[in-house]
Amino acid sequence: MEGTAVTAPEDDFFVLSSLPPSRAQKQLALVFVLGLLVVYVLITVGPLSGVHLSRVDAFVPAYATAMFVNCPSSGI
C-alpha cells in the first residue's frame with residue numbers, strides 16, 4: 001500500500017484569523033485604545049497622579065508562580 005497524501009483545495013479551509021475585521025470590530029478596537037489612552041492620561045497627569053498605591057508583598061511570588069505555570073519550558 002502506497003502512502004498517498006490527502007490534499008484539499010485551499011478554499012475549503014476556514015481560518016478565522018485570516019478573515020479581515022469588520023467595520024464594527026475596527027470601531028470597537030479604536031474605542032478600546034482611546035479608552036486606555038484616557039485612563040493613562042488620568043493616571044499620569046490628571047487628578048489621580050498624586051495617588052500612591054500601597055505595597056503588595058505577595059505580588060512577586062504570585063507573578064513568579066504564574067510565569068512558572070504558563071511557561072512551556074518549565075519542565076512539566
Side-chain angles (χ1 to χ4, degrees):
M1 178 190 244
E2 291 183 27
T4 58
V6 177
T7 59
E10 289 187 26
D11 294 338
D12 290 343
F13 293 111
F14 175 73
V15 180
L16 189 60
S17 63
S18 67
L19 297 176
S22 68
R23 182 176 172 95
Q25 290 171 334
K26 288 181 183 179
Q27 289 176 346
L28 180 64
L30 180 63
V31 167
F32 186 74
V33 168
L34 290 176
L36 287 176
L37 183 63
V38 167
V39 169
Y40 175 75
V41 168
L42 284 175
I43 290 174
T44 56
V45 295
L48 299 176
S49 63
V51 175
H52 294 284
L53 299 176
S54 63
R55 180 177 170 161
V56 179
D57 291 328
F59 177 76
V60 173
Y63 187 78
T65 302
M67 291 293 291
F68 177 76
V69 168
N70 291 318
C71 183
S73 62
S74 62
I76 295 177

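The first residue of the sequence shown is numbered 1, and numbering continues consecutively from there.
- Residues Val56 and Met67 share a hydrophobic cluster, clusters being chains of Ile/Leu/Val/Met/Phe/Trp/Tyr side chains in contact below 4.5 Å.
- Under the 4.5 Å side-chain heavy-atom criterion for Ile, Leu, Val, Met, Phe, Trp and Tyr, Leu36 and Val33 are members of distinct hydrophobic clusters.
- Taking Asp57 as the reference, Arg55 meet the side-chain hydrogen bond (donor to acceptor under 3.5 Å, both in side chains) condition, with sequence neighbours excluded.
- For residues 40-53, no residue pair satisfies the side chain to side chain donor-acceptor pair (under 3.5 Å) rule, not counting sequence neighbours.
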